**Q** 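Questions regarding the structure given below will be posed in turn.
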Amino acid sequence: MPFKLLLAAVAATVALPVIAQNLTVVNFGGANGAAQKRAYFDAYEKATGGKITAVEYNGEQARIKAMVEAKRVTWDVVEVESPDVNRGCDEGLFEKIDWAKVGNKADFQAAAVHECGVGIFVWSTVLAYNGDRLKNAPTSWADFWDVQKFPGKRGMRKGARYNLEFALMADGVRPADVYRVLATKEGADRAFRKLTELKPHIQWWEAGAQPPQFLVAGDVVMTTAYNGRIDAAQREGKNLKITWTGGIYDLDYWVIPKGSPNRDAAHRFIAIASSPEAQANYARLISYGPTNNKALALLDAKVLDQLPTAPANARDALRFDIRFWADQGEALEKRFAAWAAQ
Amino acid sequence: MTGTAATPAMAALARQLRRAQRRHQWRAAALTAPLLVFLLVFFLWPLASLLLRAVENPEVADALPATAAALAHWDGKGEPPAPAYAAIVADLRALPETAQAGALARRLNSEAPGARSLIMSAYRAAQEWPRLSAAEAQAALLALDERWTETAYWQAIAKNTQRWTPDYLLAAIDLRRTVDGDITLMADEEAVFGRILWRTFEISAIVTLLALLMGYPLAYWLSTLSERRANLLLILVLLPFWTSVLVRIAAWIVLLQNHGVVNRWLQALGVIDEPLALLFNRTGVIIAMVHILLPFMILPLYSVMKSVPSNYLRAAVSLGSHPLAAFVRVYLPQTYPGIAAGALLVFITAIGYYVTPALLGGADDQMLSYYIAQYTNVEVNWGMACALGAVLLTATMVLFALYRRVARGGLSLG
């Protein structure tokens, strides 16, 4: 009898965790997904012996919503964008994060600590251009709008988000005032009017991989772009450049869909992915800023300079306002569609 | 059967016959049953739930019953009656889970932008508040967020106390319901779906026309070839079918971009000086869609042309008709069923296009499906997504009915 009990205890400690350690982790794929695989997934698999099944998605929250509502949750950890972490948290799509299992809150950037999410990295939407084609560097959004000084097409993301902020900054609004102005009817009108000025010169992009392609192909002289995508192109030897002034930075978050059967392992994964070492590794692979401040000490100056969180890069940047877009997003996107059809 | 001199033998025969007929009917029913069940489960049922979602409006009725009662006699002007403040605090405190507050916040936010943060902050704060009197509740809400005095948010609540709403469907055709219940046009900057629906049909019509113009001569040529050569060439027509749409789109990007193959050749030939803008605009969308949908046009055309005897045309010419006149008056009318089938197939497939315009089009080249996807995935406003789906479905069915009348039942696809 005691022998059996012992056996059961051994089996419980050995067998159970192994079964529970396999995880399905969902991210956006691409260069970012590849960096996460090397810095985070491999670290988890090495530390726990569990396997990670990587799934790519396009940020469709509908899929999480459908899973949670049907109570058949097959995704354990999901990377989501900041508006979705708030909204999903409000609507009960995500588990509450047990921060005791993740790490010391004080080590993280304030924005990375969320009731339902853990900040993964800081990324930025910036002005990018091809250094081989433009000899005079554009230095601001006003330059982006100046088609006399810089003739040629501009790439912009299809949609209202970011573009309205950029338009206001081009119109002379200080970064700190952008969301205050945009919240008023007159401010929104002003942003759309400014966007209309540039409309004939805009080539719209849909996916983050497109802006660097546009620049390399010479289809546009400047474009808005995700800084990590530009960094990836630079690593392939392309002479693409970033103007950090007036960039909009934001965080992506890990969340655990409500009802995931592997909550403990999911927390374990997030803890490993949020450790200074893993985050520093990740930042070396792709230039997105760590959310764990302790990771910064592990990085050398060359890597740090390329991050949105580097002091010189963050100085004139704007923090993406989640609350503003959660409130106004639907109305502004609809207005954008109406504006585009005019 | 029921002749005047019905003998027992004839009656027995009639019984046997009926039995045989019934058996036959049962067998037919059994043979079609799998398809019928399939259609019911995977087509009619989702369709019905889509239409239901477009008019469902349970959020306010479920979450704010007391508030709804307090606002029942409010005229929608100025500030709401004082008891409404206490009622909404009580309602929010009584919600069993955050998810319900979230659903309420989302619903009201799509009606009155800003309601999301207003409701969620009140919900979170109300959990902490002690039992408050009516006056205290009002003061506490206003202290939390002064937007609680704004009429728009209260109107949004008052308007949505019913479990069913026409609002999504109205919004999908650029109409809105005022707080008094009158139906008016949307403001110009919000009126967008009418234009998008028009754009969807316009692009589909152009694609259909181009596919017909390009497909017709090719199908004609194929129908004049020997069976073996025609089959070989048909495989070439079908080849694109077996390639992923994304691969074909990527190929078009390589071909059509500013310094792509097409522009380089045209420049080398001296046809143009500056590269043509062939991508990320309407042109690119139409080129790629015509390419993808061409087989849907060629196959029905080919099968009809194959059955047209070639000696009719020869007879017309030998009787003195001009070849062109013979073609237009003798050959063309015989291929109408093929034209109709091909055009309908291409048009209806084109209406639902999403990926191609998303990747090859600009901001004003997106078709209705793009916005359905946006409401489904980005805004997570499924009521609106379903309403747009219902509008697309209705418009397609109306067109199909019109077509049936024009074609006078000459072709049936369904």
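Since the model is a prediction, treat every value here as computed from it, not as a measurement.
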**Q** Counting only heavy atoms closer than 4.5 Å, note whether B:Ala105 contacts chain A via side chain, backbone, both or neither.
**A**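 For B:Ala105, no heavy atom lies under 4.5 Å from chain A.
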**Q** Does one side chain, of A:Trp339 or A:Thr196, offer a donor that lies under 3.5 Å from an acceptor on the other?
**A**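 Yes, side-chain donor-acceptor contact under 3.5 Å.
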**Q** Please classify the contact of B:Glu97 with chain A as side chain, backbone, both or neither, using a heavy-atom distance under 4.5 Å.
**A**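 Neither; nothing under 4.5 Å.
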**Q** Closer than 3.5 angstrom, by distance alone: can the side chain of B:Gln366 be matched with the main-chain N or O of B:Gly362 as a donor-acceptor pair?
**A**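 Checked: pair present.
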**Q** Heavy-atom pairs under 4.5 Å with chain A are the metric here; pick the option from B:Gln100, B:Arg106, B:Glu190 that has the most.
**A**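 Most pairs with chain A among the choices: B:Arg106.
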**Q** Can you tell which part of B:Gln374 gets under 4.5 Å to a heavy atom of chain A, answering side chain, backbone, both or neither?
**A**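 Just the side chain, heavy atoms under 4.5 Å.
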**Q** In terms of heavy-atom pairs under 4.5 Å with chain B, which of A:Pro83, A:Gly92, A:Ala341, A:Cys89 leads?
**A**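 The residue among A:Pro83, A:Gly92, A:Ala341, A:Cys89 with the greatest pair count is A:Ala341.
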**Q** Look at B:Tyr375, B:Phe193, B:Tyr370 and state which one has the largest set of heavy-atom pairs under 4.5 Å with chain A.
**A**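 Result: the option with the highest number of such pairs is B:Tyr370.
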**Q** Quick one: what part of B:Tyr123 sits under 4.5 Å from any heavy atom of chain A, side chain, backbone, both or neither?
**A**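 Contact with chain A involves no heavy atom of B:Tyr123 at all.
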**Q** Select one option (side chain, backbone, both, neither) describing which atoms of A:Phe336 are under 4.5 Å from chain B's heavy atoms.
**A**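 The side chain, not the backbone.
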**Q** Quick check for you: among A:Arg87, A:Glu333, A:Gln203, which has the greatest number of heavy-atom pairs under 4.5 Å with chain B?
**A**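 The candidate making the most pairs under 4.5 Å is A:Arg87.
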**Q** Would you call B:Arg177 and B:Thr165 a side-chain contact if the rule is heavy atoms closer than 4.5 Å?
**A**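 Counting from C-beta outward, B:Arg177 and B:Thr165 do come under 4.5 Å.
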**Q** Donor-acceptor pair, A:Lys185 side chain versus A:Leu182 backbone, under 3.5 Å?
**A**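 Pair absent, no side-chain N/O of A:Lys185 close to backbone of A:Leu182.
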**Q** Please check this pair: side chain of B:Asp145 against backbone of B:Trp148, looking for a donor-acceptor N/O pair closer than 3.5 Å.
**A**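 No.
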**Q** Any idea which of B:Ser110, B:Ala373, B:Ala103 has the most non-hydrogen atom pairs under 4.5 angstrom with chain A?
**A**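 If we count pairs closer than 4.5 Å to chain A, B:Ser110 comes out on top.
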**Q** Which atoms of A:Glu330 come close to chain B, meaning under 4.5 Å heavy atom to heavy atom: side chain ones, backbone ones, both, or neither?
**A**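 Both the backbone and the side chain of A:Glu330 come within 4.5 Å of chain B.
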**Q** Heavy-atom distance under 4.5 Å to chain A: side chain of B:Ala191, backbone, both or neither?
**A**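 Backbone of B:Ala191 only, per the 4.5 Å heavy-atom cut-off to chain A.
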**Q** Would you tell me whether A:Glu165 and A:Tyr179 have side-chain atoms, one donor and one acceptor, within less than 3.5 Å of each other?
**A**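 Note: A:Glu165 and A:Tyr179 side chains meet the donor-acceptor criterion.
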**Q** Tell me, out of A:Lys258, A:Glu206, A:Gln342, who's got the most heavy-atom pairs with chain B below 4.5 Å.
**A**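 Most pairs with chain B among the choices: A:Glu206.
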**Q** With a 4.5 angstrom heavy-atom cut-off, could you sort out which part of A:Phe214 is near chain B: side chain, backbone, both or neither?
**A**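 For A:Phe214, the side chain is the part near chain B, not the backbone.
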**Q** Below 30° counts as parallel, above 60° as perpendicular, anything between as tilted: where do the rings of A:Tyr57 and A:Phe28 land?
**A**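 Rings of A:Tyr57 and A:Phe28: tilted, as their planes differ by 30° to 60°.
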**Q** Tell me whether A:Asp84 is salt-bridged to A:Lys65, with the criterion being a basic N under 4.0 Å from an acidic carboxylate O.
**A**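 Salt bridge between A:Asp84 and A:Lys65, a charged N being under 4.0 Å from a carboxylate O: no.
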**Q** Side chain, backbone, both or neither: which part of A:Glu81 has an atom under 4.5 Å from a heavy atom of chain B?
**A**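 Contact with chain B is absent: no heavy atom of A:Glu81 under 4.5 Å.
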**Q** Flag the one option from B:His259, B:Arg124, B:Met384, B:Glu379 with the top tally of heavy-atom pairs under 4.5 Å to chain A.
**A**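 The answer is B:Glu379.
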**Q** Let me know if A:Arg335 has heavy atoms under 4.5 Å from chain B in its side chain, its backbone, both or neither.
**A**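 Both the backbone and the side chain of A:Arg335 come within 4.5 Å of chain B.
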**Q** Taking the side chain as every heavy atom from C-beta outward, state whether B:Leu50 and B:Trp382 have any atom pair closer than 4.5 Å.
**A**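 No. Closest side-chain heavy atoms not under 4.5 Å.
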**Q** What about A:Trp325 and A:Tyr162, are their ring centers closer than 6.0 Å?
**A**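 For A:Trp325 and A:Tyr162, the ring centres are not under 6.0 Å apart.
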**Q** Under 4.5 Å from any heavy atom of chain A, what part of B:Asn281 do you find: side chain, backbone, both or neither?
**A**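 Contact with chain A is absent: no heavy atom of B:Asn281 under 4.5 Å.
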**Q** What residue, out of B:Gly102, B:Ala101, B:Pro113, B:Ala363, has the most heavy-atom pairs lying under 4.5 Å from chain A?
**A**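 Between B:Gly102, B:Ala101, B:Pro113, B:Ala363, the count favours B:Ala363.
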**Q** Side chains of B:Asp174 and B:Leu185: closer than 4.5 Å at any heavy-atom pair?
**A**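 They are not in side-chain contact.
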**Q** For the candidates A:Trp204, A:Phe192, A:Phe324, which exhibits the highest count of non-hydrogen atom pairs separated by less than 4.5 Å from chain B?
**A**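 Between A:Trp204, A:Phe192, A:Phe324, the count favours A:Trp204.
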**Q** Looking at A:Phe166 versus A:Trp145, is the centre-to-centre ring distance below 6.0 Å?
**A**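 No.
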